[in-house]
2 protein chains.
Amino acid sequence: MDNNLFATRVQPEVPSRLAGLFPVMDYEDAIKFTAGAPAESLFPAHAMQQAYLDAMAAEGNHTFQYHTVDGPVELRERLAQRAMDKMQIENVTAENVMLTAGGQQGIDLVAKALLNKGDAMVVEAPTYVGALSSFDMYEPTYYEVELENDGLNTDQLEATLKQHPEIKFLYTVSDFHNPGGVTMSLEKRQKVVELANKYHFIVLEDTPYRELRYTGKSLPSIKHFDTEGRVIFLSSFSKVLMPTLRTGWLVADKAIIQQLYKLKEAADLEVPNITAQAINHFLANNSLDDHIAKLNQEYVVRMQAMIAACQKYLPEGVSATKPEGGFFTWVTVNDAINTTDLLYNEATPNQHIAYVPSKNFYAYKNHTNGMRLNFTGLTPAEIDDGMKRLGTLLTHAGQLI
Amino acid sequence: MDNNLFATRVQPEVPSRLAGLFPVMDYEDAIKFTAGAPAESLFPAHAMQQAYLDAMAAEGNHTFQYHTVDGPVELRERLAQRAMDKMQIENVTAENVMLTAGGQQGIDLVAKALLNKGDAMVVEAPTYVGALSSFDMYEPTYYEVELENDGLNTDQLEATLKQHPEIKFLYTVSDFHNPGGVTMSLEKRQKVVELANKYHFIVLEDTPYRELRYTGKSLPSIKHFDTEGRVIFLSSFSKVLMPTLRTGWLVADKAIIQQLYKLKEAADLEVPNITAQAINHFLANNSLDDHIAKLNQEYVVRMQAMIAACQKYLPEGVSATKPEGGFFTWVTVNDAINTTDLLYNEATPNQHIAYVPSKNFYAYKNHTNGMRLNFTGLTPAEIDDGMKRLGTLLTHAGQLI
């Protein structure tokens, strides 16, 4: 067997950013802050089962046939309405809505459409690791812009654009950042659009957590401010309904969507009709708003437990972002502490806690003093217990510097 | 709005190979030989509905959670067994089986893994248009090898490889070719493997129709002869079960599959668990062999009607391939006739029949004297009627040359 079957292709030689992301821990008292998954006890399983049956009953055998790349127009009409109502995007029709195989495919197809090898793009530092794994395939040159408590640093973004006017693409998680936990301010949203128009780049606004707001007031999407069709708004059913639907949706100019359909046809032909129709029937017969309200009622308690635990247990010199929604808090420790080493040498074996170390969330993996903490997958008691252990660990680590 | 949003990216400027493939015809007496879809009256809808319910019952809420890129091991074990039993591939385990979003994603990910811009690959002439649409994205240099009645011309393949030893990838539809209708002989299957070993390239053997054999004896897959892990065998549930499952599966060396998993994670994260488990439960509680036997019993009648109608109605100088399974017959007419023009100027408006013209199935669209005829989507009476009209049309067209 030739070990060099793929030798002339670059991308597969890129190590996976997702492999080994979540350390295995078998201790009985283990507490994992690593989750990126929604709490499955809150899934509307019964209603979704009914929605699948309704979909099959409505179309009969035709449910299971090939359909079209764009999926049911009724579902896209519902999402167009939602984009206007909840995301404050104007004049959205079914033709501006594209269904994708999860948010991940939205990211992947936009990158595929935009990026040639070596092309310049901007990502936040830190950013969503799954997006980096997708961008890597198209071998871009990454420019990183730091994430602040009110979203990416737009001054730094502008300086980067001045120096690299060839930048064609910005990827940003505007609401309840993964992994940062922060939300971009209104002013920065406007500024991003201004810069996109001035420097001629495309913005992918990725918002899987947007409707999971537990405190504070919702802001208009970046897409709301878009004047030149430069912003692609991306959402997903994975966090507000269920991940296995593998259904995301994006809102963009019709011309962009037509290009993306060509890429989707080449990638996997079409949206699975049965899934799209199940979601369509779910939305017709259930209130997604009510379901999200139920999720938020549960998640807010967990978020507040996390915020309280950060104040209570984290030692001097350690900071935590203060989320208003979403899944994550981001903790920054002393530069001298490497959170990857800490995880494997101390946190897991001694304290029986796990988090995702910062390294994974940076395009060039060169930031080692942060960690992502999930709070939606744990009870308040578990959060308190786990954060107490993390506090002990960080206090001890700080003394060793 | 800037009309040049995507200006620096090449691929989206490639026209879609799939758009407008099927002409719209609204005549009451229209007969369409264009279909690529299976006959939906034969779908096991009730059993599949039960399989979805079984999947949800077995795992409860966890059905709907994120799972893993590779999908349920039970399903991959079943497919490994099927690969050994039906495809005559040896020593297949669950680790050699990868689930994909339809056969299309299998094609796309293999191409993505192998091809850098400009890389040399071989396709059959004609070949599957959906595969070309996928390959186009990676901007390869195509070398076309003609399709004969016993599969691709291996002498021409060898000559091409001698001249272009940089060729790294061959895509072939070995059984009941789409669009050609032919099946590769045993000798040629062996020869393809010999050449792959000698000239160090990868073979993607795409076999969505393989088990839909209506007459004659099944041949071992090309993968059966593979000695160096150079052959990737690809199948799909779209034609033998239902397209909306959007589930294909490939068999390859573990090392190759590990590379493809990285690409799949970046493309859409993972297989939808609910679909994979529904297929798993379907296979556990139903005989796929019996279902396929039922399909074949119906399809054989339609194929024989097509073969008889070709003999009866096609004029001198027009040839048709004689399939033993699958969905298609390929008709070749006089070089002087352009089947695209004939379709739009004569076949559709006057005879109210439609086929897919040959141009679409060639990498460089430079063969205009063929057509693909589907026979599985029509009754024998419709086939006879439609072929009679095609005969009239071709007789008339021949007289005008």
Side-chain angles (χ1 to χ4, degrees), chain A residues 1-2 5-6 8-12 16 18 37 40-41 43 45 48-49 52-53 56 60-66 101-102 104-105 108 112-117 119 130 133-134 136-137 168 200 202 228-230 242-246 253 256 259 262-263 265-269 272-275, chain B residues 1-2 5-6 8-12 16 18 37 40-41 43 45 48-49 52-53 56 60-66 101-102 104-105 108 112-117 119 130 133-134 136-137 168 200 202 228-230 242-246 253 256 259 262-263 265-269 272-275:
Chain A
M1 156 105 198
D2 180 348
L5 288 176
F6 285 102
T8 47
R9 176 69 179 142
V10 176
Q11 283 83 329
S16 167
L18 302 173
E40 65 191 52
S41 61
F43 288 161
M48 189 54 74
Q49 177 178 314
Y52 269 90
L53 294 177
M56 295 179 201
N61 277 24
H62 191 56
T63 316
F64 304 101
Q65 187 54 285
Y66 285 112
Q104 187 69 32
Q105 188 181 51
D108 189 52
K112 198 173 191 173
L114 289 171
L115 296 173
N116 282 307
K117 185 173 171 173
D119 275 351
S133 79
S134 198
D136 282 352
M137 297 298 144
K168 60 201 301 192
H200 304 92
I202 297 275
E228 297 188 2
R230 299 195 161 278
M242 297 152 157
T244 204
L245 300 170
R246 307 304 312 121
D253 262 32
I256 289 179
Q259 300 282 28
K262 279 197 292 190
L263 302 188
E265 283 185 323
D268 60 6
L269 228 49
N273 179 64
I274 190 170
T275 314
Chain B
M1 155 106 196
D2 180 348
L5 288 177
F6 287 102
T8 47
R9 176 72 177 139
V10 175
Q11 284 83 330
S16 167
L18 303 174
E40 64 191 53
S41 61
F43 289 161
M48 189 54 74
Q49 177 176 315
Y52 269 91
L53 294 176
M56 295 179 201
N61 277 24
H62 190 56
T63 315
F64 303 102
Q65 187 54 284
Y66 286 112
Q104 188 68 31
Q105 188 181 51
D108 188 53
K112 197 173 193 174
L114 288 171
L115 296 172
N116 283 307
K117 185 172 169 173
D119 276 351
S133 79
S134 198
D136 281 353
M137 297 298 145
K168 60 201 302 191
H200 304 93
I202 297 276
E228 296 188 1
R230 299 196 161 278
M242 297 152 157
T244 203
L245 301 170
R246 307 304 313 119
D253 261 33
I256 289 179
Q259 299 283 28
K262 279 196 292 190
L263 302 188
E265 284 185 322
D268 60 6
L269 227 50
N273 179 63
I274 191 170
T275 314

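Keep in mind that this is a model prediction, so the values were computed, not measured. Numbered from 1 within each chain, the chains take letters A, B, ... in sequence-line order.
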Quick one: closest heavy-atom pair of Gln65(B) and Pro243(A), and the distance?
OE1-CG, 3.4 Å
Taking all heavy atoms of Ala266(A) and all of Ser133(B), pick out the closest pair and write down the distance.
CB-O, 3.4 Å
List the steps, then state whether side-chain contact (heavy atoms from CB on, under 4.5 Å) holds for Tyr66(A) with Arg246(B).
CA-CA 9 Å; Tyr66(A) 285 112; Arg246(B) 307 304 313 119; 3.9 Å; yes
Max heavy-atom pair count under 4.5 Å with chain B, selected residue of [options]:
{"options": "Leu269(A), Asn273(A), Leu245(A), Thr63(A)", "answer": "Leu269(A)"}
{"options": "Ala267(A), Pro272(A), Ser41(A)", "answer": "Ala267(A)"}
{"options": "Gly130(A), Ala45(A), Gly60(A), Gly102(A)", "answer": "Ala45(A)"}
{"options": "Thr244(A), Asp268(A), Leu53(A), Ile274(A)", "answer": "Thr244(A)"}

Please name all residues satisfying side chain to side chain donor-acceptor pair (under 3.5 Å) with Ser134(A), sequence neighbours left out, ordered by chain then number.
Asp108(A)
Stepwise, does the side-chain contact (heavy atoms from CB on, under 4.5 Å) test hold for Phe64(A) with Met48(B)?
CA-CA 10 Å; Phe64(A) 304 101; Met48(B) 189 54 74; 4.0 Å; yes
Just jot down the side chain to side chain contact (heavy atoms under 4.5 Å, CB included) partners of Glu265(B), sequence neighbours excluded, or say none.
Ser16(A), Leu18(A), Val69(B)
By a 4.5 Å heavy-atom criterion (distance strictly below it), what part of Tyr52(B) contacts chain A: side chain, backbone, both, or neither?
side chain
With the side chain counted from C-beta on, respond yes when Lys112(B) and Met137(A) share a heavy-atom pair under 4.5 Å apart, and no when they do not.
yes
